[in-house]
Amino acid sequence: MKKLELRLSGFGGQGLITAGIILAEAAILDGKNAVQSQSYGPEARGGASKAEVIISSEEIDYPKVGQADLCLAMSQQACDKYAGNTQPNGVLVLDSGYVKNPPEFSGKMYSVPITEIATSEVGRNIVANIVALGVIAGVTNVVTRESLETAVLDRVPPHTKDLNKKALAAGYESAKNLLQREGE
Amino acid sequence: MKKLELRLSGFGGQGLITAGIILAEAAILDGKNAVQSQSYGPEARGGASKAEVIISSEEIDYPKVGQADLCLAMSQQACDKYAGNTQPNGVLVLDSGYVKNPPEFSGKMYSVPITEIATSEVGRNIVANIVALGVIAGVTNVVTRESLETAVLDRVPPHTKDLNKKALAAGYESAKNLLQREGE
Amino acid sequence: MAAKTKCKAQLLSGNEACVQGALVAGIRFFAGYPITPSTEVAEGLAEELPKIGGRFIQMEDEIASMGAVIGASLAGLKSMTATSGPGFSLKQENIGFAAMTEVPCVVVNVQRYGPSTGLPTSPAQGDIMQARWGTHGDHPVVALMPASVRETFDLTVEAVNLAEELRTPVIILLDEVVGHMRERVELPAAEDVELFNRVKPTESPDTFLPYKPAANLVPPMPAYGDGYRFHATGLVHDETGFPCGKGADGNTLVRRLQAKVEQRQPKIARAETFQTEDAEIVIVAAGSVARSARAAVKEARAQGIKLGLVRPITAWPFPEEAIDSVAQTAKALIVAEMNLGQMILEVERIAAGRAPVFGLNRIDAELITPEDIIVRAQEVTNNVR
Amino acid sequence: MAAKTKCKAQLLSGNEACVQGALVAGIRFFAGYPITPSTEVAEGLAEELPKIGGRFIQMEDEIASMGAVIGASLAGLKSMTATSGPGFSLKQENIGFAAMTEVPCVVVNVQRYGPSTGLPTSPAQGDIMQARWGTHGDHPVVALMPASVRETFDLTVEAVNLAEELRTPVIILLDEVVGHMRERVELPAAEDVELFNRVKPTESPDTFLPYKPAANLVPPMPAYGDGYRFHATGLVHDETGFPCGKGADGNTLVRRLQAKVEQRQPKIARAETFQTEDAEIVIVAAGSVARSARAAVKEARAQGIKLGLVRPITAWPFPEEAIDSVAQTAKALIVAEMNLGQMILEVERIAAGRAPVFGLNRIDAELITPEDIIVRAQEVTNNVR
Amino acid sequence: MNSEPARIELNEKWCKGCGICIAFCPAKVLVAREDGKPLVENPEACTRCGLCELRCPDLAISVGGKQHGGKN
Amino acid sequence: MNSEPARIELNEKWCKGCGICIAFCPAKVLVAREDGKPLVENPEACTRCGLCELRCPDLAISVGGKQHGGKN
Amino acid sequence: MSVKDLVDRYCRVDKLPHIWCPGCGNGIIMGAVIRALDKTDFDQDKTVIVSGIGCSSRAPGYMNFDTLHTTHGRALAYATGVKFARPDLNVVVLTGDGDCSAIGGNHLIHAARRNIDLTVVVFNNSIYGMTGGQFSPLTPAHSYASTAPYGSIDRNFDLCKLVQAAGGTYVARSTAYHARQLVNLIATGLNHKGFAFIEVVTQCPMYYGRRNKFPSPVDMLKWQQEHAVPVKAAAKLSPEQMAGKFLIGELHREEAPEYTAVYETDVIAKARGDIN
Amino acid sequence: MSVKDLVDRYCRVDKLPHIWCPGCGNGIIMGAVIRALDKTDFDQDKTVIVSGIGCSSRAPGYMNFDTLHTTHGRALAYATGVKFARPDLNVVVLTGDGDCSAIGGNHLIHAARRNIDLTVVVFNNSIYGMTGGQFSPLTPAHSYASTAPYGSIDRNFDLCKLVQAAGGTYVARSTAYHARQLVNLIATGLNHKGFAFIEVVTQCPMYYGRRNKFPSPVDMLKWQQEHAVPVKAAAKLSPEQMAGKFLIGELHREEAPEYTAVYETDVIAKARGDIN
Ligand SMILES: Cc1ncc(C[n+]2csc(CCOP(=O)(O)OP(=O)(O)O)c2C)c(N)n1
Ligand SMILES: Cc1ncc(C[n+]2csc(CCOP(=O)(O)OP(=O)(O)O)c2C)c(N)n1
Ligand code: SF4
Ligand code: SF4
Ligand code: SF4
Ligand code: SF4
Ligand code: SF4
Ligand code: SF4
Ligand SMILES: [Mg+2]
Ligand SMILES: [Mg+2]
């Protein structure tokens with residue numbers, strides 16, 4: 001992998017910036033270069049939220065994501081806005097709980113009930129972002145599972161470590177199931 | 001007369017700026033061009049004071065006085081500082097009450113007890129500046145007597161008109177006497 | 001003194017002429033904070049404005065003064081403030097607001113010796129670049145540099161007119177010499193002075209878009225209270241006047257702000273040339289220094305030295321054409337300024353190597369003299385030979 | 001987080017790296033006022049400084065912040081503030097004071113979209129000229145423009161060092177992209193970072209002249225409380241530090257202030273060049289835009305277009321030599337900036353007609369892309385052929 | 001208490017002749033010279049109250065023979 | 001007084017589900033839906049006091065049938 | 001007037017819903033201002049709403065009047081210009097605690113000193129909301145904020161006391177919770193001829209609330225309910241009982257010459273020679 | 001200490017005589033500050049005198065300490081930096097009425113709010129002296145000034161009241177005439193741990209005096225004598241009797257946590273984990 005561009009989108013409060021940071025930190029643990037950036041709506045209170053991550057084994061010059069290799073959309077609005085700006089042969093990960101109208105897409109599209117998994121399987125909807133990371137890493141191998149776990153545990157408050165570990169695992173699990181179902 | 005440069009110097013409170021303005025206004029009444037400027041000590045409270053006037057029948061470009069054609073010095077300090085920067089064949093008018101050590105000077109030098117005249121002959125030392133103007137006009141004809149009187153009366157408060165008229169006359173008078181004594 | 005606009009010779013200082021120009025031009029609101037050497041402008045207007053029903057207010061500082069001036073202009077009055085160096089620095093943020101919201105206003109800066117408190121009563125020309133670049137972000141600037149008392153009157157009127165026409169802050173860059181010196185001047189009768197009043201909208205409030213430009217790129221401007229209920233904000237806004245948070249709107253807006261001034265560059269930008277046709281060496285000088293340069297040109301010519309003068313009247317937009325033309329004909333240019341080299345940067349840029357450019361800089365609080373210029377011209381002549 | 005200075009890869013934002021750089025460089029005093037997009041610098045130091053006995057204070061506004069920083073520096077602490085556009089405008093008067101009184105301090109300006117309130121969270125490079133000319137009067141300026149997170153750390157350290165060495169305010173001109181983006185970075189161990197501490201006088205208080213320069217034109221600087229009982233004033237002062245009201249002293253002082261920076265110009269002024277040797281078209285770009293330019297150069301070269309890059313690292317003093325050299329070798333220069341054309345003015349001036357200079361300007365709140373640059377390079381190639 | 005007359009000294013160079021010391025001396029010790037500066041006319045009357053010192057804007061007058069204004 | 005139950009209307013698009021109207025309704029007329037927005041459960045209990053209107057940060061709830069907050 | 005009528009008449013409906021966070025008090029205060037304006041006889045076309053910069057200062061953008069969104073802290077300076085230029089206009093200033101007591105503190109005390117006829121409503125949410133939760137001069141000491149990670153050591157202003165000491169002639173305080181009282185206090189302020197100042201204690205659930213252990217906006221309103229003491233009730237309480245509480249209601253009111261009026265009678269008339 | 005000894009010890013003798021006009025009160029106040037400093041146990045080498053811009057702000061230049069002559073209005077901001085950076089230094093601020101109440105008003109109220117340990121002496125001559133006699137926020141209404149040719153319509157601050165309302169913990173007023181009281185009040189302020197504020201009503205014969213019909217400095221001191229009422233005496237006077245008069249003496253004093261001290265105990269200690 002030379003360079004991989006990811007876009008994580010949804011609404012404010014879903015923890016997508018944190019997810020982006022963790023992803024970038026995992027990449028660093030893997031020995032890669034990483035750049036993370038995010039959009040600040042001038043008044044993004046509760047509105048749209050977007051984090052971008054570029055991972056590369058080489059130097060990263062231009063730090064913004066153009067056509068993403070992978071796009072996570074955790075809201076319908078985000079999906080409508082960003083899914084189109086994804087590589088035709090890229091990957092789309094959707095939170096099926098929020099994205100009821102998935103777009104036409106030529107690449108791979110995974111609809112996962114991310115927030116529902118967080119709520120019902122892990123027990124707290126605030127870890128949906130970590131579930132999403134598990135899904136992403138599960139379907140793409142963009143970062144290693146070990147590094148991702150380390151990165152997650154480094155960032156989250158101590159008393160939530162178990163919770164987050166569980167969330168990550170749940171995400172991976174569902175990715176596995178998906179891939180299996182796809183027959184890959 | 002093409003161009004005449006005058007420097008009026010002394011200490012704060014002697015009304016030299018006003019004198020400079022009146023002189024310039026008299027020149028304008030005579031149909032001449034005039035530029036007046038003054039020095040602002042950064043903290044000139046009670047210290048040195050200096051007004052400069054250029055009178056010319058032509059356009060006046062550079063507005064500052066270099067070597068003056070006429071220099072009035074109403075304090076020893078002013079005399080020490082500025083008398084030297086007067087044309088060698090120029091005119092020096094000194095208030096003899098303040099300038100006890102007149103400089104060496106190659107041009108014409110008139111020592112007149114200006115402030116004393118104001119106090120004793122006119123009755124108020126605050127009109128010393130007007131006495132000085134009378135002396136200057138009397139010894140040089142830089143402005144006409146009529147214009148000077150008009151200019152003085154235009155500037156001063158109504159209830160002091162007579163006083164100032166008297167002061168101007170006293171200055172002229174003493175200039176006349178001086179010139180006569182000189183035998184001119 | 002009442003508005004002295006009879007056509008009669010009188011002795012006035014530059015600062016006083018600025019007051020007279022403001023009154024004639026229709027300034028009816030002044031907010032300021034005293035500072036040497038600009039204070040006489042405030043003092044004159046404190047006395048004169050109420051006589052004609054105008055308003056003078058002394059604010060708590062320069063920032064507030066600038067804010068009040070913008071507010072008053074939005075409320076429909078032609079408005080102005082005056083200051084010097086330190087106060088000019090403080091006003092910058094709000095000057096940027098006026099540029100962004102397109103509120104006409106005039107800012108007089110009587111330049112004094114800097115940086116910092118410097119020499120408050122001494123002359124300098126150290127704020128020329130600040131006038132252009134003092135506030136953050138890209139923005140258009142119009143700044144005028146009078147060289148005489150009469151021109152101070154004229155350019156004050158022009159500043160007000162340009163502000164109203166372009167809906168932008170206009171800066172008058174006096175220097176202490178011109179501000180404080182008194183000279184013989186004949187002012188035109190008020191009725192002979194051409195005035196420009198901001199264009200008001202003709203459309204009804206229902207369809208009116210407050211930031212939709214007319215053909216000349218300037219939007220018509222209602223006053224508060226006229227019934228248009230419009231919004232003014234320093235945020236990037238679209239034609240409705242409301243912030244939208246979109247970069248594309250910023251692009252449209254800020255480029256238009258720049259363009260409305262730039263497209264009038266040929267009309268606004270102005271320089272006086274004096275004996276440049278056959279000049280081997282051309283002096284570039286503005287404000288009081290240009291008076292010395294003029295004297296120098298006359299004297300040098302009398303000595304057989306072919307000197308000429310370009311006197312920028314507008315600092316911004318800079319009169320590029322005038323420089324361009326002498327860069328093609330002269331052997332060398334000398335930029336004489338009472339600073340460490342500000343106008344020279346523009347002159348060098350425009351000359352683009354076609355003629356060598358030399359500086360003549362004094363920062364010892366004295367006006368550059370005609371002799372200084374002649375001496376420098378001789379040096380340069382030897383240099384380029 | 002504790003001062004993260006172990007030599008270990010980590011993910012940091014530019015603003016965070018600025019915090020780390022400040023801590024390592026010895027900053028022990030920060031006064032500020034929040035403003036997007038610089039606030040993280042204040043927040044980071046609010047957390048970190050007290051851990052090492054340093055002091056963080058949130059003042060009532062930016063003017064007060066700048067004043068407090070100067071006071072603290074006079075009291076002996078390495079001091080810093082951080083702000084963005086509107087706040088940078090407000091700080092200008094006091095920045096001039098620091099220049100005049102030669103008080104070391106660092107001002108971080110994380111540039112945002114202007115003018116006025118503009119688009120507070122969007123990137124721009126609109127304050128480059130303001131950094132040089134924002135305060136009134138003539139004054140030296142040092143301003144640095146990092147392009148990466150690591151360089152933000154390095155240049156923060158360098159800013160502190162330069163401020164201490166030169167006794168002058170030093171400005172760090174971040175842009176929002178660099179300030180907010182996080183990237184992998186390895187910071188050097190604190191003990192491997194070279195630091196400069198202001199030179200203290202060795203003379204006794206009886207004979208010490210606080211503004212008598214050493215051979216390097218910089219006067220040694222005692223702290224308040226050291227027993228030197230010295231006077232600091234923004235008025236023109238002589239070597240004793242007291243105001244004298246004399247233009248001649250102003251001349252000596254202000255020329256020395258300028259000279260102490262200018263004579264180090266070759267050491268301070270710096271640009272990175274990338275593939276310029278054989279470049280037909282050279283891009284000039286700084287900060288985040290230089291990253292796009294670098295990508296563009298690589299891509300263009302892959303397509304067989306001979307592009308090169310000059311990246312000014314110091315905005316001021318401007319790296320004239322680097323431009324001078326490519327002006328002689330390249331067919332054309334393109335200055336790419338997120339403003340309406342600021343660096344280009346310097347580039348045009350220095351190129352002096354030897355190579356045509358073109359602008360590439362975006363002010364739509366988006367980072368100029370590598371594609372933008374390649375397209376423009378192609379246009380220019382067609383143009384200069 | 002000291003019975004010899006107070007030694008009231010004037011710093012001629014610093015005194016600006018404002019007349020404050022003269023006007024407010026409770027014992028009328030001082031009178032104005034022609035230039036407005038104080039002349040010590042009744043040194044015996046001086047109570048060494050120190051008010052002339054305290055009110056002199058120019059630190060130009062001093063009253064010898066008594067400690068006042070010191071630490072207390 | 002009006003005896004028919006108050007017509008309490010919710011602007012679904014504007015309501016952000018903060019729960020303020022619900023928490024402070026003196027008559028406990030409102031209960032929270034799953035999304036936090038108010039459900040009118042006891043319209044008969046409504047006294048038309050208007051407090052829900054006054055405290056709604058989003059101008060999203062209105063109580064019909066009584067004039068309050070007008071000129072008085 | 002029904003909410004819908006109020007909104008239709010006084011709001012720029014196409015700009016709504018507003019950008020404020022769920023439960024933010026800004027909307028409550030804006031609603032109160034509109035209701036208070038509705039109670040006056042003001043001509044809507046002759047009323048100008050001015051603000052500075054901050055979440056709260058976005059309010060004028062939603063209000064259907066001539067509106068002016070100035071630079072941070074300077075609303076009162078701009079408003080002074082509007083009012084002094086055109087005394088026939090009604091000028092209302094909406095401002096945040098940071099906007100008006102931090103960077104704008106000087107303009108506040110000077111506008112109060114002049115007793116210029118402005119009505120100022122301060123949205124005091126004890127925090128800089130717009131920039132993400134730094135403490136303000138009105139943040140209660142010991143609170144947490146992004147720039148006070150160890151708790152703020154800054155003492156907070158009693159802004160009403162300050163404005164009164166500066167010369168303000170109408171001074172009142174209320175809270176978002178006491179919305180009905182608030183409407184009345186603002187209306188009285190609007191009708192007051194002179195400098196009228198109304199501080200409103202309100203909630204920023206997003207930043208102040210989160211950092212200072214308020215789980216929800218409702219908890220913050222409850223805090224307001226419990227800590228606000230009406231002036232009359234306070235008169236019967238001991239200092240100990242008042243500790244940690246704050247006064248609400250009309251705190252000060254006096255009649256004094258108003259600036260723009262005095263300019264007409266004392267300056268313009270004199271200058272014209274009508275009187276001297 | 002004799003005047004000569006005082007001057008030798010605390011003044012930069014080679015800078016004297018000072019530039020102030022004959023009869024200007026600035027010299028009286030500077031003398032009082034020096035005498036008050038002499039009464040304290042301060043180390044002269046650990047004392048910093050800070051001022052802004054104005055005639056009065058020239059005082060530090062004559063005083064033999066570390067001195068700082070800042071930008072107009074900003075003395076308190078700079079002084080806050082000095083003191084907060086080095087709490088072991090004694091920091092005294094000398095400032096004019098314009099410097100500290102006009103352009104510097106915000107820094108004044110915020111320094112008072114923080115209760116940072118500074119001693120501030122305001123030279124209130126009711127005018128902008130340095131720039132030639134414009135009215136200031138402390139110019140009594142109806143006075144004449146170069147920018148108030150028809151008489152000032154601005155109401156003036158009661159600056160002591162304002163500072164107290166802002167949080168100042170030591171507040172006093174005196175006059176140039178009451179020089180002995182002044183020395184004592186400043187000395188008490190210097191010893192006060194916290195924000196100490198002393199307003200001194202003084203005379204500018206050059207501008208305020210000339211425009212407002214005071215023939216001489218002596219007349220201005222007489223005015224001070226006649227219009228200043230000591231706090232105790234005032235307690236026995238009716239409002240009518242107090243009309244046009246002003247209070248002198250110690251107006252307010254309280255003990256409260258001092259800013260730099262609290263930073264040590266509450267922030268640094270917590271950050272270091274010594275406490276939490
Ligand atoms: C000169 C300047 N400094 C700083 C800022 C950044 N800023 C914007 S709003 C704000 C504070 C807002 O706080 P407040 O006034 O209390 O309003 P709130 O958002 O809490 O309603 C700050 C510091 C700015 N825009 N301009
Ligand atoms: C930013 C700025 N604005 C204005 C000035 C001009 N200025 C210098 S001193 C002064 C007022 C002085 O008045 P005050 O503080 O009362 O001192 P005084 O001279 O009366 O002692 C002013 C307006 C300045 N130097 N800087
Ligand atoms: S010490 Fe007192 S009594 Fe003696 S001269 Fe001075 S003021 Fe008069
Ligand atoms: S008070 Fe001082 S300056 Fe004034 S006359 Fe007396 S000695 Fe001289
Ligand atoms: S009007 Fe009063 S009683 Fe009715 S729902 Fe609203 S708050 Fe409850
Ligand atoms: S108060 Fe308003 S926004 Fe909040 S839940 Fe009720 S209706 Fe919705
Ligand atoms: S950040 Fe706070 S003040 Fe701003 S909108 Fe959200 S809750 Fe309201
Ligand atoms: S102008 Fe006034 S304040 Fe300044 S020195 Fe003279 S008398 Fe004193
Ligand atoms: Mg707030
Ligand atoms: Mg004063």
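All values below were derived from every heavy atom in this structure, side-chain atoms included, with hydrogens, water molecules and symmetry-related copies excluded. Values in this document were obtained by computation on a predicted structure and should not be read as measured data.
For H:Tyr263 and D:Phe56, the distance between ring centers is not under 6.0 angstrom.
H:Tyr78 places no side-chain N or O within 3.5 Å of a backbone atom of D:Ala72 that could act as its donor or acceptor partner. Judged purely by atom type and a 3.5 angstrom limit, D:Lys51 has no side-chain atom pairing as donor or acceptor with the backbone of H:Ala271. A donor-acceptor contact shorter than 3.5 Å links the side chain of H:Asp66 to the backbone of D:Arg229. Remark: side-chain polar atoms of D:Arg55 are paired, donor with acceptor, to backbone N or O of H:Phe84 under 3.5 angstrom.
Residues D:Gly53 and H:Arg272 come closest through the heavy atom pair N-NH2, 3.4 Å. Nearest heavy-atom pair across H:Val82 and D:Gly71 is CG2-O, 3.4 Å. Taking every heavy atom of both residues into account, H:Leu89 and D:Ala75 meet most closely at CD1-CB, 4.5 Å.
Applying the 6.0 Å contact sphere to NZ of D:Lys260 captures more than 12 heavy atoms from other residues, nucleotides or ligands. The environment of NZ in H:Lys15 is crowded: more than 12 heavy-atom neighbours from other residues, nucleotides or ligands sit within 6.0 Å.
D:Tyr224 touches chain H through backbone and side chain together, each having a heavy atom under 4.5 Å away. For D:Phe242, the part lying near chain H is the side chain, with the backbone staying farther off; criterion is any non-hydrogen pair under 4.5 Å. Residue H:Arg113: no heavy atom, backbone or side chain, is found under 4.5 Å from chain D.
When the candidates H:Ile49, H:Ile109, H:Asn64, H:Val48 are compared by the number of heavy-atom contacts under 4.5 Å with chain D, H:Asn64 comes out ahead. Most heavy-atom pairs under 4.5 Å with chain H: of the set D:Gly54, D:Ser65, D:Gly234, this distinction falls to D:Gly54. Ranked by heavy-atom pairs under 4.5 Å with chain H, the first of D:Leu74, D:Thr101, D:Leu77, D:Asn94 is D:Asn94. When H:Ala79, H:Ala111, H:Ala85 are compared by the number of non-hydrogen pairs under 4.5 Å with chain D, H:Ala85 comes out ahead. Between chain D and the options H:Lys83, H:His110, H:Glu264, H:Lys46, heavy-atom pairs under 4.5 Å are most frequent for H:His110. Among H:Ala77, H:Gly73, H:Pro60, the residue with the largest count of heavy-atom pairs under 4.5 Å with chain D is H:Ala77.
D:Thr233 OG1 to H:Ile53 CD1: the interatomic distance, rounded to the nearest 0.5 Å, is 6.0 Å.
Side-chain atoms of D:Ile57 and H:Arg114, non-hydrogen and from C-beta on, do get closer than 4.5 Å to each other.
Aromatic ring pairs are classed by plane angle as parallel below 30°, tilted from 30° to 60° and perpendicular above 60°; the pair H:His69 and D:His231 is parallel.
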